[in-house]
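Shown next, in structure tokens, is the structure this report addresses.
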2 protein chains.
Amino acid sequence: MAYATRDTPAHERISKVATADKVLSVLGLFTMETPEWTVDEAAAALDLKTSTAYQYFRSLIEFGLLVGGSGGRSSVGPAVISLDRITRRHDGLIALGRAAMGRLVTPFDGEAVGLLCRSFRMQVMCIDEFVPASLPFAISYERGRPMPLFRGAASKAILAHLGARITRRLWDRQGEQITAAGLGADWSAFKRSLRQLRSRAALVTHGELDEGLVGISAPVFGSEGLVMGSVGVVTTEAAYVRLGARAGEVEATVAAEAQSMSERLLQT
Amino acid sequence: MAYATRDTPAHERISKVATADKVLSVLGLFTMETPEWTVDEAAAALDLKTSTAYQYFRSLIEFGLLVGGSGGRSSVGPAVISLDRITRRHDGLIALGRAAMGRLVTPFDGEAVGLLCRSFRMQVMCIDEFVPASLPFAISYERGRPMPLFRGAASKAILAHLGARITRRLWDRQGEQITAAGLGADWSAFKRSLRQLRSRAALVTHGELDEGLVGISAPVFGSEGLVMGSVGVVTTEAAYVRLGARAGEVEATVAAEAQSMSERLLQT
DNA sequence: GGCGAAATTCCTGTATTTCTGGAAAATAGA
DNA sequence: TCTATTTTCCAGAAATACAGGAATTTCGCC
């Protein structure tokens, strides 16, 4: 029976709906760095015939995922904004996180950002932020921006609880970056780092993503104890120092908010 | 030659990439009202075979437009959030609008929302809002929510400047709703209403979308004088009354901000 | 307002893909 | 652990996407 499907190894099996995948790959061209594409550029980039690319664009534009601009340049369209609204309103984490972030930011008196992240496919994505009226600094985390798992408190809080199977795969694929991030030179050292991260209820990191900023985050768990994301705050080093002895309290508060979210996630 | 393609009338010609369109139609099922679908439900709704629907879901999930949840229920995925970030960062209107909205909201001392809308396919979509820290009311407009063209100041400011060809088509398609909105019982009355709307630099509406709220908006134009969207504020009736004689100034400010945005749009 | 260039649509046979339909496998739930 | 549900797999039949270029429309510039 092993012979039956031998000709296409499972790890490079092509999805059945190749047309759909190719159309979506057009959409995938639109990134932060290259937010506009002409049909010809896209055709060249994906090795498509121009007339075929036009059909793909037409489908995407018709649905609203793209909009045709001037000079034949297209960009991401309004359907995305509408779909994003759906995620904002129906994401259980976001619903719970908003109030929690508000409470976490309060003691910093406008000099902190609340951060809510979700674990997704060996990455972390910020799904919501609480930004006070006038914020005196900018941060790397931003709703919709994918971040690596091993830099920043919000990421590490998730990484620490991902479970052996996933962290092993992560090590195999991105070992060098893990080592570069100071999380261990080999697999067993990495495991030790993770154990240490897990020992803290809330993680505090200094300047890992933005110079002069401090992140404080704790993991949020869903059903069966799986880590779903993290919640926390980012503030300036100066404001953190100003906390002095109260820093411990803030950590505890972050951990408590995260745990409270975990509990409420189980109830729903 | 008329016989050659007779079997598919031009007005209902199906797009060529039927597969892609069907896959996208699956994505289209996910709405504010029904944000979760199982493969079976989607197959039933779109008259697809289950095994086919699975392939569609797989493509969408692989790309991240959907995520598979528990119990076979899927919902909108992280790719949407990433794409939304691209629109936020690369939309010229949003870039200009943020500061303008901030200035417009200031005199209301926290009791107003800034609103930035875009015209799109005979609809209006809010693409950005400026919400002060503690807002004592909720509004219908919200980033990503499509709104009709003929209710609310933000919409009417756009409608007034759409041009005869589009307004005519709008009348043909949605005449009853236009009449219901009090914009005229027939085409020529509608035209008259539009002319009157155009005569004001900024539009003020009372309670058209939310009871007890007042909208003040003005149109923003792009190249060739085409209306691109509108910018304005929404406040409470009470706060508006409190303005008293200064209401005129606010209107003028809204109009001025909108014009300033139009001018800067032309420069870029 | 009109010209040239570019962008976009149209066209058809053929080859490639997708879809069907059911059965098997994997997974989740009890 | 067992059952129900979800998901993948398969191969032939049938639909459809693609090539390739020509026609057409639109756009940008005088």
Side-chain angles (χ1 to χ4, degrees), chain A residues 1-26 36-44 46-62 66-75 165 222-226 266, chain B residues 1-26 36-44 46-62 66-75 163 165 222-226 266 268:
Chain A
M1 56 170 55
Y3 292 93
T5 59
R6 257 200 66 271
D7 48 325
T8 38
H11 64 280
E12 58 181 50
R13 178 84 43 77
I14 300 296
S15 167
K16 276 295 186 56
V17 276
T19 306
D21 290 342
K22 278 183 277 182
V23 172
L24 291 179
S25 76
V26 169
E36 291 192 337
W37 290 80
T38 67
V39 174
D40 277 328
E41 288 167 358
L46 296 174
D47 195 28
L48 302 168
K49 297 295 167 194
T50 307
S51 56
T52 303
Y54 268 106
Q55 298 191 351
Y56 292 177
F57 269 72
R58 186 200 289 175
S59 286
L60 289 167
I61 289 173
E62 197 167 301
L66 297 182
V67 270
S70 65
R73 311 199 73 78
S74 296
S75 43
R165 188 157 315 159
S223 59
E224 307 188 27
L226 293 172
L266 287 179
Chain B
M1 57 164 56
Y3 292 91
T5 58
R6 257 201 63 272
D7 48 326
T8 39
H11 66 278
E12 59 179 51
R13 176 89 40 80
I14 300 297
S15 166
K16 275 295 187 57
V17 276
T19 307
D21 290 343
K22 279 183 279 181
V23 172
L24 292 179
S25 75
V26 169
E36 291 192 338
W37 290 80
T38 66
V39 174
D40 277 327
E41 287 166 358
L46 296 173
D47 197 25
L48 302 168
K49 297 299 166 194
T50 307
S51 54
T52 304
Y54 268 104
Q55 298 190 351
Y56 292 176
F57 269 72
R58 187 201 288 173
S59 287
L60 291 168
I61 289 174
E62 197 167 303
L66 296 182
V67 271
S70 64
R73 311 199 72 77
S74 296
S75 44
R165 189 158 315 159
S223 60
E224 308 186 27
L226 293 173
L266 286 179
T268 50

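Here is how names work: the chains are called A, B, and so on, in the same order as the sequence lines, proteins then strands, and each is numbered from 1. The model shown is predicted, which means the values in this text are computed figures rather than measured ones.
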Between R73(B) (CZ) and dT5(D) (C1'), how many Å, whole number? 13 Å
How many Å lie between CG on D21(A) and P on dT17(C), as a whole number? 13 Å
Distance from E62(A) atom CD to L24(B) atom CG, nearest 0.5 Å? 9.5 Å
So what does T52(A) touch, heavy atoms closer than 4.0 Å: a base, only the sugar-phosphate, or nothing? sugar-phosphate
Distance in angstrom units between W37(B) CH2 and dT7(D) P, rounded: 16 Å
Which nucleotide in dC18(D), dT8(D), dA7(C) has an atom nearest any side-chain atom of R58(B): dT8(D)
Rounded to whole Å, how long is the line connecting atom CG of L226(A) with atom C1' of dA28(C)? 13 Å
Assign F57(B) to base, sugar-phosphate, or nothing according to its heavy-atom contacts below 4.0 angstrom with the strands shown. nothing
Taking the side chain of Y54(A) as its heavy atoms from C-beta onward, which of dC19(C), dT8(C), dT6(D) lies nearest to it? dT8(C)
Which heavy atom in Y56(B) sits nearest to a heavy atom in V23(B), and how many Å separate them? CD2-CG2, 3.4 Å
Is the closest side-chain heavy-atom distance between V26(B) and L60(B) below 4.5 Å? yes
State which of dA7(C), dT17(C), dG20(D) makes the closest approach to the side chain of T19(A). dT17(C)
dT9(C), dG22(C), dC18(D): which one has an atom nearest the side-chain heavy atoms of K22(A)? dC18(D)
Once rounded to the nearest 0.5 Å, what's the spacing between atom OH of Y54(A) and atom CG of L48(A)? 13.0 Å
As a test of reading the structure: which of dA19(D), dG21(C), dC19(C) is closest to the side chain of K49(B), going by heavy atoms? dG21(C)
Does dC19(C) have OP1 or OP2 sitting under 4.0 Å from an N or O in the side chain of Q55(B)? yes
Using a heavy-atom cut-off of under 4.0 Å over every strand shown, decide if S51(A) touches base, sugar-phosphate, or nothing. base
Could you tell me how far apart D40(A) (CG) and dA5(C) (C1') are, to the nearest whole angstrom? 13 Å
Between E36(B) and E41(B), is there a side-chain heavy-atom distance shorter than 4.5 Å? no
Whole angstrom is fine here: how far is it from CG in D47(A) over to P in dC18(D)? 12 Å
